[in-house]
Amino acid sequence: MAKEVTKREDNYSQWYNNLVVKADLAENSAVRGCMVIKPYGYAIWEKIQAQLDKRFKETGHQNAYFPLFIPKSFLSKEAEHVEGFAKECAVVTHHRLMKDPNGTGVVVDPDAKLEEELIVRPTSETIIWNTYKNWINSYRDLPILCNQWANVVRWEMRTRLFLRTAEFLWQEGHTAHATKEEAIAEAELIINLYADFAKQYMALPVVIGKKSANERFAGALDTLCIEAMMQDGKALQAGTSHFLGQNFAKAFDVKYATKEGNLEYVWATSWGVSTRLMGALIMAHSDDNGLVLPPKLAPIHVVMVPIFKTDEEHTAIVDAMEALKKQLLKLGLSVKIDDRDNLRSGFKFAEWELKGVPVRVAIGPRDLQNGTAEVARRDTLTKEILPMEGLDSTIFSLMDIIQENIYNKAVTFREENTRKVDSWEEFLVEIEKGGFLMCHWDGTTQTEEKIKELTKATIRCIPLDTDVMIEEGKCVYSGKPSHQRVIFARSY
RNA sequence: CGGGGUGUGGCGCAGUUGGCUAGCGCACCUGCUUUGGGAGCAGGGGGUCCUCCGUUCGAGUCGGAGUACCCCGACCA
């Protein structure tokens, strides 16, 4: 009973934390607020990275890398941007240590004070736009479509594994365009790319929408986002794509010569997803037995557990497994044969379920005689005895079935927990139940803040693509006229 | 930065109104028996009880200060 996971309904956040640690994805580090991503967790992140990277390149983007440190003066060039990040920055003030003259160990050498402090990037707009200034002269230099895979630091008060850590891994795209229309199209392209990735790979349905002015990225004219629903009914912002207008171009004086010979400021976007996606993946699909991984992101697709009494049986079973493994490898699946001899099969079953491996194959002496194997699905927790013959293709097609099933389950859950609410009394009751509330809103920040103050619910987004949301109505709080419903929810 | 809680082998905890050699479960090591849903028995190793100061014949236990972490708020991908 070493690795029992707590139940979801008892304490959702404890369940989540427990799961992350027990499933071997990550753990807290010695550094406050920072986490260690363990090999099993990182393997999932690598799959996410690879797929996104492929999609970025298919849409004409290139990877580049910019410095970790940002001179303090850069950060203050865009007024809203500083305000948004100032409160959570790590600052480098010195560049040297020395032996402690009054004792043992080392102290900061006071003589090594930096003339200008360096900020550990909370995001890279400023350093990148300072660089783009030198890259852009003419309309022929545009567009610039760069992405970087990097780590950033935001000194958060409270942290949670994957969902909010002081340091996190992400990708951040930064693009420069000649026209407003092109920049807006880029921001939309990316948010759709994210949504499609979430659906196809993470088996995660998301709502694409626009942030209200209040929730917008510091320095953006518009923030597009994808919002997902977790199993406790809370919303999680899974990715953002910002239309930055000419704000950063103006702050860093980035102009280009048009065909006609005029000087114009360039238009910008930035966009990103982070290791928070891992949190979304875990919270959206897992159950009380542990992680449930969609096959497209699972580091191990199939785990095989031999059941045996004698050495001869063990050898014969593992031989049969090796043969099946070879066939599965040919089909592109990753396979693990768990032939540890110090653990019982029941323990292994539980352990691999905890780690979310989509399919488990158990073979025992009985199967060996009958030419069968026991195949268990992680998503449904069902198992059946199947003939060894043709098992490779059966398992291969199971992957798509499982992927789809996990997605459908998440869609169903979201639909069951999304509802229209039209009165304030109803809102107060419904928000306690969790989920997405589709409500009319008068469009003012005051109303939005009042609702947040009273209920902790925020506008997750103004959905872009849902026709049903466009209709006349009255604001759920103020009663003023509204033309479209927005999504209210409590969030992470 | 406010409110609450916890610091005892690697992990999770117990330790009564201060009392004698600091204990339990898991994990670990050795051996035997086991293996179709988290094995059993026997033996074994591992502790400056967060730190400092105080009270006392005697402190894991009481008091004070510090410190670290967790939970709830404010802040956020």
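Chain letters run A, B, ... following the sequence lines, proteins first and then strands; every chain starts at 1. It should be emphasised that the depicted structure is a prediction, and the values quoted were computed from it without experimental measurement. Scope of the values below: all heavy atoms of this structure, side chains included, with no hydrogens, waters or symmetry mates.
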Legend entry - Of residues 294-322 of chain A, the positions that come close to RNA chain B - non-hydrogen atoms, cut-off under 4.0 Å: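 The answer is A:I307, A:F308, A:K309.
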State which residues pass side-chain contact (heavy atoms from CB on, under 4.5 Å) with [X]; sequence neighbours excluded, sorted by chain then number.
| X | answer |
| --- | --- |
| A:N63 | A:D53, A:K57, A:N147, A:W149 |
| A:E83 | none |
| A:T372 | A:D367, A:N370, A:I385 |

Scan nucleotides 42-44 of chain B against the protein and return all N/O pairs shorter than 3.5 Å with their distances rounded to 0.1 Å.
none

Let me know the distance between [atom1] of [X] and [atom2] of [N], rounded to the nearest Å.
| X | N | atom1 | atom2 | value |
| --- | --- | --- | --- | --- |
| A:N28 | B:C70 | CG | C1' | 10 Å |
| A:L343 | B:C28 | CG | C1' | 13 Å |
| A:E88 | B:A77 | CD | P | 8 Å |
| A:W155 | B:C1 | CH2 | C1' | 16 Å |
| A:L163 | B:C71 | CG | P | 12 Å |
| A:R340 | B:U35 | CZ | P | 19 Å |
| A:K234 | B:A77 | NZ | P | 15 Å |
| A:E374 | B:G37 | CD | P | 8 Å |

Across all strands shown, which nucleotide pairs with [N] by Watson-Crick or G-U wobble geometry, both distances under 3.5 Å?
| N | value |
| --- | --- |
| B:A59 | none |
| B:U6 | B:A68 |
| B:A39 | B:U33 |
| B:G23 | B:C13 |

Closest listed nucleotide, where the reference is the side chain of [X] and the choices are [options]:
| X | options | result |
| --- | --- | --- |
| A:E351 | B:G36, B:C75, B:G38 | B:G38 |
| A:F347 | B:G38, B:A77, B:G36 | B:G38 |
| A:R360 | B:A39, B:G37, B:A77 | B:G37 |

Expressed in whole Å, how much space separates the [atom1] atoms belonging to [N] and [M]?
| N | M | atom1 | result |
| --- | --- | --- | --- |
| B:C41 | B:U34 | P | 16 Å |
| B:A59 | B:C70 | P | 33 Å |
| B:A22 | B:A27 | P | 25 Å |
| B:G9 | B:G23 | P | 14 Å |
| B:C11 | B:G46 | C1' | 14 Å |
| B:C62 | B:U56 | C1' | 10 Å |
| B:G43 | B:C26 | P | 14 Å |
| B:U51 | B:C57 | P | 24 Å |

Have a look at [X] and say if it touches a base, only the backbone sugar-phosphate, or nothing, with a 4.0 Å heavy-atom cut-off.
| X | value |
| --- | --- |
| A:T159 | nothing |
| A:S345 | sugar-phosphate |
| A:D341 | nothing |
| A:Q237 | sugar-phosphate |

Inset, instruction - Can you sort out the partners of A:K409 under side chain to side chain donor-acceptor pair (under 3.5 Å), two or more places apart, ordered by chain and number? - result: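 So A:K409 forms no side chain to side chain donor-acceptor pair (under 3.5 Å) with any residue.
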Legend entry - Partner set under side chain to side chain donor-acceptor pair (under 3.5 Å) for A:K456, not counting sequence neighbours: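 Residues passing side chain to side chain donor-acceptor pair (under 3.5 Å) with A:K456: none at all.
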Inset, instruction - Please evaluate the base of B:G37 for a donor-acceptor partner in the side chain of A:E353 within a cut-off of under 3.5 Å? - result: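 When only heavy-atom distances are counted, A:E353 does reach the base of B:G37 through a donor-acceptor pair under 3.5 Å.
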Inset, instruction - Check whether the side chain of A:K383 and the base of B:G37 form a donor-acceptor pair under 3.5 Å. - result: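 Flag set: donor-acceptor pair detected.
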Inset, instruction - Report yes if the ring of A:F168 lies under 5.5 Å from the six-membered base ring of B:A77 with planes under 30°, and no otherwise. - result: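 A:F168 vs B:A77: stacking yes.
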Using a cut-off of under 3.5 Å, enumerate the N/O to N/O pairs linking the protein to nucleotides 2-12 of chain B.
none

Legend entry - A:E353: which of A:K383, A:K348, A:K22, A:R360 passes salt bridge (Lys or Arg N to Asp or Glu O under 4.0 Å):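 Option passing the salt bridge (Lys or Arg N to Asp or Glu O under 4.0 Å) with A:E353: A:R360.
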Legend entry - Pair A:E215 + A:K210: basic N to acidic O under 4.0 Å: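 Salt bridge: no.
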Legend entry - Salt-bridge present (A:E351, A:R340; N to O < 4.0 Å):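 Counted as a salt bridge, because a side-chain N and a carboxylate O are separated by less than 4.0 Å.
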Inset, instruction - Write down the atom of A:I119, the atom of A:K72, and the distance for their closest heavy-atom approach. - result: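 Closest pair (atom of A:I119, atom of A:K72, distance): CG1-CA, 3.9 Å.
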Inset, instruction - Sequence neighbours left out, what pairs pass ring pair (Phe, Tyr, Trp, His ring centres under 6.0 Å) with at least one residue falling in residues 202-230 of chain A? - result: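 Checked against ring pair (Phe, Tyr, Trp, His ring centres under 6.0 Å) - neighbours excluded - the pairs reaching residues 202-230 of chain A are A:H81-A:F217, A:F85-A:F217, A:F217-A:H242.
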Legend entry - Phosphate OP1/OP2 of B:A39 contacted by A:R344 side-chain N/O (<4.0 Å):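 Yes, because at least one side-chain N or O of A:R344 sits under 4.0 Å from OP1 or OP2 of B:A39.
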Inset, instruction - Using only side-chain N and O atoms of A:R160, determine if any of them is under 4.0 Å from OP1 or OP2 of B:C71. - result: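 So the side chain of A:R160 is outside the cut-off, no N or O lying under 4.0 Å from OP1 or OP2 of B:C71.
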Inset, instruction - Please tell me which of A:A376 and A:K456 maps to the more 5' nucleotide of RNA chain B, matching each residue to the nucleotide holding its nearest heavy atom. - result: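 Upstream on the strand: A:A376.
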Inset, instruction - Just grab all the salt bridge (Lys or Arg N to Asp or Glu O under 4.0 Å) pairs involving residues 194-205 of chain A, residues at least two apart or on different chains. - result: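 Residue pairs passing salt bridge (Lys or Arg N to Asp or Glu O under 4.0 Å), neighbours aside: A:R55-A:D196.
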Inset, instruction - Using only heavy-atom distances, determine whether the side chains of A:R460 and A:T458 contain a donor-acceptor pair under 3.5 Å. - result: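 There is such a pair between these side chains.
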Taking distance alone, no hydrogens or angles, what donor-acceptor pairs closer than 3.5 Å link side-chain atoms of residues 293-303 of chain A to residues at least two apart or in another chain?
| residue | atom | partner | partner atom | Å |
| --- | --- | --- | --- | --- |
| A:H301 | ND1 | A:S334 | N | 2.9 |
| A:H301 | NE2 | A:P295 | O | 3.0 |

Under 3.5 Å, side-chain donor or acceptor atoms of residues 33-45 of chain A against the rest of the protein: list the pairs with distances, not counting sequence neighbours.
| residue | atom | partner | partner atom | Å |
| --- | --- | --- | --- | --- |
| A:K38 | NZ | A:D24 | OD1 | 2.7 |
| A:Y40 | OH | A:K355 | O | 2.6 |

Legend entry - Cation-pi, A:F168 ring and A:R276 (6.0 angstrom, 45 degrees):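 The answer is no, since A:R276 fails at least one limit relative to A:F168.
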